[in-house]
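Residue numbers count from 1 along this sequence. Computed over heavy atoms, backbone and side chain alike; hydrogens, waters and symmetry mates excluded.
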Amino acid sequence: MKETRKELNALFEKTQSLRNQLHNHPIYSSITSLENLRKFMEIHVFAVWDFMSLLKALQRGITCVEVPWIPREHAGGRLINDIVRDEESDLDPEGKPASHFSIYRSAMCEAGAGMACMDRFLRHLQLGYSIAAALEQSDAPAGAREFVKSTFRIIHSKKLHQVAAAFAFGREDLIPQMFSAIVREMKQSIPGLELFYYYLQRHIELDGDDHGPLAHSLVCELCGDDARLWEEATAAANEALQARIALWNSVTAECSCPLHA
């Protein structure tokens, strides 16, 4: 374990530059109006959705989710199932079980953001369309399309250590600081969005205290002391971070455009 922690620290060092870019991204100061928040949410909801696909890819690879059930004695099973429980069946502000995606949808309704693209995307998936075709047919925002495609390139690699690295460093490790910056910048200028701020705060708490450390442990377990696996995990982490920077760039560009009627 001591050796894997050394490798984990090395991965942190090799991704530090990209993580710094994200933590200092201009997006956090560009969402200063309700109109811009709506634009942000209509793009970001695709990242909220594909987060669950990344998580489920890990759960499917580490545990058995098929029938008949066949036992898999993988130490990462407890780690990933704990995260799935929180993400898929957390409590909303009224104490009712709800997925984080569902809470985000409700927050979008509260803010007056449109769900038309996401709803069309989900309908096309239910009809059997591929990810790329569903994104195209739903007229998803360009930045969201590229982000989701990047996520699924990693998922389709079927290399669990790479999926875990993208999950840990492209999602769980980033979210507390990113969402804290959004709350800090927005709460004064756009008050009253209780569901949205609940969603952000819940992730700040869960990912900072629990999910982030669990995700790091999972990467350590999957890579072990294999230098090649750590190298591939680092590449996946960098790809995920670059995809997030591109997503934030697309949102910032949208927020800088004149508002359309």
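Every residue meeting the ring-ring contact (aromatic ring centres under 6.0 Å, His included) condition with Phe169, not counting sequence neighbours, appears here in chain and number order: Phe12, His216. Remark: Gln177 engages His23 in a side chain to side chain contact (heavy atoms under 4.5 Å, CB included) (not counting sequence neighbours). Scored by the side chain to side chain contact (heavy atoms under 4.5 Å, CB included) test, Gln242 finds Leu18 as partners (sequence neighbours excluded). The side chain to side chain contact (heavy atoms under 4.5 Å, CB included) test applied to Ser99 returns Phe101, Ser102, not counting sequence neighbours. For Ala133, the side chain to side chain contact (heavy atoms under 4.5 Å, CB included) partners two or more places apart in sequence, or in a different chain, are Tyr129, Ser130. Among residues two or more places apart in sequence or in another chain, the side-chain hydrogen bond (donor to acceptor under 3.5 Å, both in side chains) test is passed with His124 by none.
Sparse packing is recorded around CD of Glu231, with 12 or fewer heavy atoms of other residues, nucleotides or ligands lying under 6.0 Å away. Atom CD1 of Ile70 has 12 or fewer neighbouring heavy atoms from other residues, nucleotides or ligands inside a 6.0 Å radius. Applying the 6.0 Å contact sphere to CZ of Arg72 captures more than 12 heavy atoms from other residues, nucleotides or ligands. Atom CZ of Arg60 is surrounded by 12 or fewer heavy atoms from other residues, nucleotides or ligands within 6.0 Å.
Between His44 and Trp248, the distance separating the two ring centers is shorter than 6.0 angstrom. Note: Trp49 and Tyr104 fail the aromatic proximity criterion, with ring centroids not under 6.0 Å apart. Side-chain rings of Tyr199 and His203 approach one another, their centers coming within less than 6.0 Å.
By the criterion of side-chain heavy atoms lying less than 4.5 angstrom apart, applied directly or through intervening Ile, Leu, Val, Met, Phe, Trp or Tyr residues, Leu206 is not grouped with Leu54; the two fall into different hydrophobic clusters. In this structure, Ile83 is a member of the same hydrophobic cluster as Ile204, with clusters built from ILVMFWY side-chain heavy atoms closer than 4.5 Å. Both Leu22 and Ile175 are assigned to one and the same hydrophobic cluster, defined by single-linkage of ILVMFWY side chains at heavy-atom distances under 4.5 Å. Linking ILVMFWY residues whenever their side-chain heavy atoms come closer than 4.5 Å, directly or via other members, places Val251 and Leu193 in the same cluster. One hydrophobic cluster, built from ILVMFWY side chains closer than 4.5 Å, holds both Met108 and Leu247.
A heavy-atom distance below 4.5 Å is found between the side chains of Leu125 and Ile131. Side-chain contact between Cys223 and Asp226 is absent, with no heavy-atom pair separated by less than 4.5 Å. At least one side-chain heavy atom of Leu174 sits less than 4.5 Å from a side-chain heavy atom of Arg19. When side chains are defined from C-beta on, Ile27 counts as touching Ser30, because their heavy atoms get closer than 4.5 Å. In this structure, Leu91 and Lys96 have side chains that are not in contact, with every pair of non-hydrogen atoms separated by 4.5 Å or more. Contact check for His25 versus Thr252: side-chain heavy atoms found under the 4.5 Å cut-off. Here the side chains of Met41 and Arg38 are not in contact, with every heavy-atom distance at 4.5 Å or above. Residues Asn36 and Ser33 form a side-chain contact, since some pair of their non-hydrogen atoms from C-beta on lies under 4.5 Å apart.
Between Asp50 and Lys56 no salt bridge is recorded (no basic side-chain N to carboxylate O distance below 4.0 Å). Salt-bridge annotation for Glu205 and Arg202: present, with a side-chain N of the basic residue lying under 4.0 Å from a carboxylate O of the acidic one.
Using modelled atom types, no side-chain atom of Trp230 and backbone atom of Cys220 make a donor-acceptor pair closer than 3.5 Å. A donor-acceptor distance shorter than 3.5 angstrom exists from the side chain of Lys39 to the backbone of Glu254, with no hydrogens or angles considered. With hydrogens and angles disregarded, no donor-acceptor distance shorter than 3.5 Å links the side chain of Gln162 to the backbone of Ala233.
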| said: Go through it in stages, so that I can follow the logic: the residues are Arg171 and Thr151, the test is side-chain hydrogen bond (donor to acceptor under 3.5 Å, both in side chains), and I'd like the CA-CA distance, side-chain angles, deciding distance and then a yes or no. | reply: CA-CA 11 Å; Arg171 306 296 178 114; Thr151 299; 3.1 Å; yes
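Interatomic distance, Phe167 CZ to Ile80 CD1, rounded to the nearest 0.5 Å: 5.0 Å. Here Met186 contributes atom CE and Ser29 contributes atom OG; the two are 12.0 Å apart, rounded to the nearest 0.5 Å. Going from atom CG of Leu37 over to atom CD of Glu42 covers 9.5 Å, rounded to the nearest 0.5 Å. Interatomic distance, Leu122 CG to Cys117 SG, rounded to the nearest 0.5 Å: 11.0 Å. Distance check, rounded to the nearest 0.5 Å: CG of Leu160 to CG of Leu218 gives 8.0 Å. Separation of atoms SG (Cys64) and CD (Gln59) is listed at 10.5 Å; rounding is to 0.5 Å.
None of Phe152, Phe121, Phe40, Phe51 except one satisfies the ring pair (Phe, Tyr, Trp, His ring centres under 6.0 Å) rule with Phe46; the exception is Phe121. Here the rule is side-chain contact (heavy atoms from CB on, under 4.5 Å) with His211, and of Asp173, Leu55, Asp86 only Asp86 fits it.
For residues 119-130, every residue pair satisfying the salt bridge (Lys or Arg N to Asp or Glu O under 4.0 Å) rule, not counting sequence neighbours, is listed here: Arg105-Asp119. Sorted pairs that involve residues 20-34 and meet salt bridge (Lys or Arg N to Asp or Glu O under 4.0 Å), not counting sequence neighbours, are lacking altogether. Among residue pairs with one or both ends in residues 130-146, those qualifying as salt bridge (Lys or Arg N to Asp or Glu O under 4.0 Å) are Glu136-Arg145, Asp139-Arg145, Glu146-Lys149; sequence neighbours excluded. Among residue pairs with one or both ends in residues 150-165, those qualifying as salt bridge (Lys or Arg N to Asp or Glu O under 4.0 Å) are Arg153-Glu239, Lys159-Glu232; sequence neighbours excluded. Residue pairs meeting the ring pair (Phe, Tyr, Trp, His ring centres under 6.0 Å) criterion with at least one member in residues 60-91: none, sequence neighbours excluded.
Considering all non-hydrogen atoms of both residues, Ala166 and Ile154 come closest at CB-CD1, 3.7 Å. The shortest non-hydrogen separation linking Thr15 to Ala237 is CG2-CB, 4.1 Å. Nearest heavy atom pair, residue Ala168 against residue Val219, reads CB-CG2, 3.9 Å.
Under the 4.5 angstrom side-chain criterion for Ile, Leu, Val, Met, Phe, Trp and Tyr, Leu195 has no cluster partners at all.
Side chains of Arg78 and Thr63: no donor on one and acceptor on the other come within 3.5 Å.
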